Amino acid sequence: MKLEKILNNLDIIDANFEIDKEIEIKNIAFHTDDVVEGGIFVAIKGYVTDGHKFIKKARELGAEIAVVEDYSEENIKQIRVENSRIALADMARNFYEDPSKDMNVIGITATNGKTTTAFMVNSILEEDKRNTGIIGTVLTRYADVMIPSVLTTPESLTLQSYFRDMKDKGVTDVTMEVSSSAQELYRNKNIDFDIVTFNNLGREHIDQHGSFENYFRFKSRLIRHAKEDALAILNADDEKIYSLRDKTKAQVLSFSLESNDAEFGIQDLDLSSGKGKFTFKINRDIKIKDFILEKSEFNIELGSVGYSSVMNSLVAIIIGLCLKIDTETIKRALKNFKGVERRFELIFDEEFKILDDHFANEKNIDATMETLKEMDYKNLNILYAIRGKRGVEVNREITERLVKWIKVLNPKSLTATLSRDTVKEKDRVTDEELKVFKDILEKNKIDCKVYDTLEESINDAIDLLDQDDVLLLAGCQGMDKGAGFVKEKLLRENKVKDIQGFSHRIDKRIC
């Protein structure tokens, strides 16, 4: 592609050469692994390192031009811009010819539940026989492509390349998780969103953004920057989220789990089996673009467990209705949807139940424990993988919230693990993190055996289970491999009747 087309609408400060717009450019790269002869290298500044340090290597690999914020002494043609991440997003759109404008693109943001909501929406779209794509925390998947994710929202260049390939492969509808980091770092800039949602707001990632206000400001860009003919779905139960109704050009639709004042809501929620049953309500006639959603209600039975699934399904249902998908298709899709791995996932349900949850923060813990409070079972057993390398304060908050719920749910057993047999160095529990965990439990007179390895802790936790008990596997990276050890243990002891279904549930995991 000619340089002129790639630089279209780019805010260039200056350059250290006379720009020849007829130059043919073979590719764009922001990582030296992707540099090719005759390409452009964009030096972006990250949290860990600065791409400007790699301009020399990019030149040696054959890069023709470097896009920079600060000139380098290297002998390479350089174009200077104020923000190279914005430049990368603009160049990526031009290079891949703005593919997202030709698809229905749904952007989902939230502190908790982005992944489950995205998978629910994708299930509804697939049930409606649409050619779908999904981009998020677990994976990017479309057509014959499946790529495990490194970032919740990929860098702008990668994102545009996915959309280009999706378009070429006939994808019509794309569901995408949009993180606060992505919005701060302009990864999702130039994606043409048709529906955007803001589901809930907690206090996670504050350290990353400097303050709660900064976190909210970046997270809300998806709504505030939505185009005029887009739909913005907002949680009316959260005052800060609902305040965005006056700060967007998009048509706003609201939902509430607490009142009938919003356009959409629920009633008669039943969580006794863990799988939500409720009545979904359209509280009044709603004009959406070229059609009207009439006031009505219908019953929903979820195939996935957890109170969070109820909240997430509410958003997914609204998106389906906005895309003119009939209610029977939506109901069928949600009943058949069994959940996302490690999001209050029911991995075993025979003699006893084993649930697997990533237990990432206080809000997530509350949703998990609220569901357990409503479920019918004999005894509750909890195995918690302590969070590693997340700091004393994060572990203090999680442990204090865990203690609060232990006093409510009174589990038969509480054990914990450092998962030293499975985690990498970046997720190893520090002495200080272990100490704060133990100190809080001791202060509250709660007994807890702490295991070094995940495998031993899983084996012992299962040995404690009786008929109709529940075992909750709780934790983030430290519990990622837990389901694998569960499978080995249960198969070894011949406790599995439905081997095919059980193995399929675990063997297809990404983590």
Side-chain angles (χ1 to χ4, degrees), residues 89 92-93 98-125 130 132-142 149 151-156 158-164 166-167 171-201 205 215-235 238 241 244-245 247-255 288-289 311-312 314-323 340:
R93 174 188 57 189
D98 202 7
S100 66
K101 73 179 187 301
D102 297 320
M103 292 174 257
N104 287 322
V105 183
I106 300 149
I108 296 167
T109 202
T111 299
N112 295 297
K114 294 186 295 296
T115 301
T116 301
T117 306
F119 273 84
M120 281 181 166
V121 172
N122 188 70
S123 294
I124 291 170
L125 296 172
R130 303 191 183 205
T132 71
I134 185 167
I135 300 170
T137 304
V138 177
L139 51 69
T140 292
R141 186 179 67 204
Y142 59 92
S149 295
L151 300 169
T152 296
T153 312
E155 292 289 356
S156 58
T158 307
L159 200 50
Q160 291 288 358
S161 73
Y162 290 161
F163 274 102
R164 178 75 258 171
M166 287 182 190
K167 181 180 176 182
V171 170
T172 57
D173 297 77
V174 182
T175 309
M176 177 178 155
E177 296 179 52
V178 186
S179 66
S180 56
S181 296
Q183 296 183 69
E184 179 183 9
L185 301 176
Y186 301 99
R187 292 180 194 146
N188 63 295
K189 187 178 188 292
N190 299 323
I191 301 301
D192 192 285
F193 292 105
D194 299 284
I195 300 175
V196 292
T197 82
F198 198 155
N199 303 2
N200 56 66
L201 181 66
H205 308 303
Y215 173 52
F216 177 69
R217 179 162 58 88
F218 292 126
K219 202 145 192 71
S220 65
R221 273 184 181 170
L222 184 66
I223 308 301
R224 291 185 288 106
H225 294 183
K227 62 184 181 180
E228 193 168 354
D229 62 346
L231 299 173
I233 300 168
L234 302 180
N235 183 348
D238 188 294
I241 292 176
L244 298 171
R245 68 190 181 279
K247 298 170 185 175
T248 181
K249 295 178 181 178
Q251 178 184 350
V252 171
L253 302 171
S254 62
F255 66 90
I288 300 176
K289 297 186 177 181
M311 294 187 285
N312 298 329
L314 185 55
V315 176
I317 293 166
I318 297 167
I319 291 170
L321 294 173
C322 290
L323 293 173
V340 181

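All values derive from a computational prediction rather than experimental measurement.
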Which heavy atom of Val174 sits nearest to which heavy atom of Met103, and what is that distance? CG2-SD, 3.7 Å
Counting N and O atoms only, with roles assigned by atom type, does the side chain of Ser179 sit under 3.5 Å from a partner on the main chain of Ala182, one being a donor and the other an acceptor? yes
Tell me, please, which residues at least two apart from Arg217 pass side chain to side chain contact (heavy atoms under 4.5 Å, CB included). Asn214, Arg224
Can you tell if the side chain of Lys219 reaches within under 4.5 Å of the side chain of Val178, non-hydrogen atoms only? no
Side chain to side chain contact (heavy atoms under 4.5 Å, CB included) test vs Met176 passes for just one of Ile108, Thr153, Val196, namely Thr153
State, to 0.1 Å, how close Val340 and Thr116 come at their nearest heavy-atom pair, and which atoms those are. CG2-CA, 3.7 Å
For residues Ile134 and Leu139, determine if any side-chain heavy atom of one lies less than 4.5 Å from a side-chain heavy atom of the other. yes
To the nearest 0.5 Å, tell me how far Met120 CE sits from Asn312 CG. 5.5 Å
What pairs with Arg141 under salt bridge (charged side-chain N to carboxylate O under 4.0 Å, His left out), at least two apart in sequence or on another chain? none
What verdict does the side-chain contact (heavy atoms from CB on, under 4.5 Å) test give for Tyr215 and Thr111, after you've listed the backbone C-alpha separation in whole Å, the side-chain angles of each residue and the deciding distance to 0.1 Å? CA-CA 10 Å; Tyr215 173 52; Thr111 299; 2.9 Å; yes
So among Lys167, Gln160, Met166, which one has a side chain to side chain contact (heavy atoms under 4.5 Å, CB included) with Arg164? Lys167
What heavy-atom pair brings Asn200 and Phe198 nearest, and what distance separates the two atoms? O-CE2, 3.2 Å
Check whether any side-chain heavy atom of Tyr162 lies under 4.5 Å from a side-chain heavy atom of Val171, and answer yes or no. no
Of all heavy-atom pairs linking Gln183 and Phe218, the shortest is OE1-O, 3.0 Å
Is it true that the side chains of Thr132 and Asn122 contain a donor and an acceptor less than 3.5 Å apart? yes
Where do Ala226 and Lys249 come nearest, in terms of heavy atoms and distance? O-CB, 4.0 Å
Side-chain H-bond candidate by donor/acceptor type, Asp192 with Ser100, under 3.5 Å: no
Cation-pi between Arg93 and Phe163: NZ/CZ under 6.0 Å from ring centre and within 45° of the ring axis? no
Side-chain donor-acceptor distances from residues 228-235 under 3.5 Å, at least two apart:
{"from": "Asn235", "atom 1": "OD1", "to": "Asp237", "atom 2": "N", "distance (Å)": "2.8"}
{"from": "Asn235", "atom 1": "ND2", "to": "Asn199", "atom 2": "O", "distance (Å)": "2.8"}

Extract all donor-acceptor atom pairs below 3.5 Å that involve side chains of residues 315-323 and protein atoms in other chains or at least two apart in sequence.
none

Partners passing side chain to side chain contact (heavy atoms under 4.5 Å, CB included) against Ser156 (at least two apart in sequence or in another chain): Leu88, Ala89
CD1/Ile191 to NE2/His225 distance, rounded to the nearest 0.5 angstrom? 15.0 Å
Pairing residues for Asp238 by the side chain to side chain donor-acceptor pair (under 3.5 Å) criterion, not counting sequence neighbours: none
To the nearest 0.5 Å, atom CG of Asn188 lies from atom CD of Glu177 at 12.5 Å
I'd like to know whether Met311 forms a side-chain contact (heavy atoms from CB on, under 4.5 Å) with Phe255, so could you lay out the CA-CA distance, the side-chain angles of the two residues, the decisive distance to 0.1 Å, and finally the verdict. CA-CA 10 Å; Met311 294 187 285; Phe255 66 90; over 6 Å; no
Checking Thr172 side chain against Asn104 main chain: does a donor-acceptor pair fall under 3.5 Å? no
